[in-house]
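For reference, the structure is listed below as structure tokens.
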Amino acid sequence: MADSPEEMNDASETPSSPKNTYKDPDDGRQRFLLELEFIQCLANPTYIHYLAQNRYFEDEAFIEYLKYLQYWQRPEYIKFIMYPHCLYFLELLQNPNFRSAMAHPANKELAHRQQFYYWKNYRNNRLKHILPRPLPEPVAPQPPPVPSSSLPPAPSATAAPSPSPMQYNNMLAKNEPRNMVSAGIDRRKRKKGP
């Protein structure tokens, strides 16, 4: 039936949520920055090698922390990442074989070299996929042959063929530095001997 007034007061004093919840003084900014800094350190194979050498990857709590950090792959967090390789290495660190392999210096060097080659060729590889390829030249239909009559031959619409690269060398001006080298003339200033 109806509860007594004393029981109602006890129920109102003990709410379902605790009163002493922890309130972060900076609203999680410090934690966010620390996790961002740590996750971006994972873009460095030498740092991953350091973690493997010091047996961090044998600690189950650390492995769970790496799993927790995968939330950085979500769009609302990924925009803060400056080194996207860290997300790739974070994904690789979920594999125990990769974690144990990174303890060996040769594997660290291999990962570092592969990362360097990726950066070296990134722009060219990206441009291959971004830039549109030129369309093939349309083939113009051949005009029907005109019976020869007393008309003189019409001049060709196409210009004279362009000279080959070998012919360009002969077209250089006499004082052109490239021409002087091929002619055996050396105009560099030299120190005069004593």
What's the spacing between [X] [atom1] and [Y] [atom2] if we round to 0.5 Å?
X      : Y      : atom1 : atom2 : answer
Lys108 : Gln53  : NZ    : CD    : 9.0 Å
Gln73  : Ile81  : CD    : CD1   : 8.5 Å
Phe98  : Met102 : CZ    : CE    : 4.5 Å
Leu51  : Leu42  : CG    : CG    : 7.0 Å
Leu92  : Ile48  : CG    : CD1   : 8.0 Å
Lys67  : Ile63  : NZ    : CD1   : 7.5 Å

Could you check whether Phe80 and Tyr77 have their ring centres less than 6.0 Å apart? no
Please tell me whether Trp72 and Phe38 form a close aromatic pair, meaning their ring centres lie under 6.0 Å apart. no
Intermediate values then yes/no, side-chain contact (heavy atoms from CB on, under 4.5 Å), Gln114 and Tyr118: CA-CA 6 Å; Gln114 293 299 318; Tyr118 177 82; over 6 Å; no
Verdict with supporting geometry, Arg99 and Glu58, side-chain contact (heavy atoms from CB on, under 4.5 Å): CA-CA 9 Å; Arg99 291 192 300 261; Glu58 294 174 6; over 6 Å; no
Do other residues, nucleotides or ligands put more than 12 heavy atoms under 6.0 Å from [X] [atom1]?
X     : atom1 : result
His85 : NE2   : yes
Glu76 : CD    : yes
Arg29 : CZ    : no

Quick one, Ile39 with Tyr71, criterion side-chain contact (heavy atoms from CB on, under 4.5 Å). Give me CA distance, side-chain angles, the key distance, then yes/no. CA-CA 11 Å; Ile39 195 135; Tyr71 76 89; over 6 Å; no
Transitively linked via ILVMFWY side-chain contacts under 4.5 Å: [X] with [Y]?
X      : Y     : answer
Leu110 : Tyr88 : no
Ile78  : Leu34 : no
Tyr68  : Leu87 : yes

Would a distance-only check, ignoring hydrogens and angles, find a side-chain to backbone donor-acceptor pair under 3.5 Å from [X] to [Y]?
X      : Y      : result
Asn54  : Tyr56  : no
Gln94  : Leu90  : yes
Asn107 : Ala101 : yes

Salt bridge or not between Arg31 and Glu35? Use side-chain N to carboxylate O under 4.0 Å. yes
Passes side-chain contact (heavy atoms from CB on, under 4.5 Å), Asp59 versus Tyr65? Steps please. CA-CA 10 Å; Asp59 184 11; Tyr65 182 64; over 6 Å; no
Hey, are the side chains of Leu36 and Gln40 touching, using non-hydrogen atoms and a 4.5 Å cut-off? yes
Measure across Phe89 and Ala43 and return the closest heavy-atom pair with its distance rounded to 0.1 Å. CE1-O, 3.7 Å
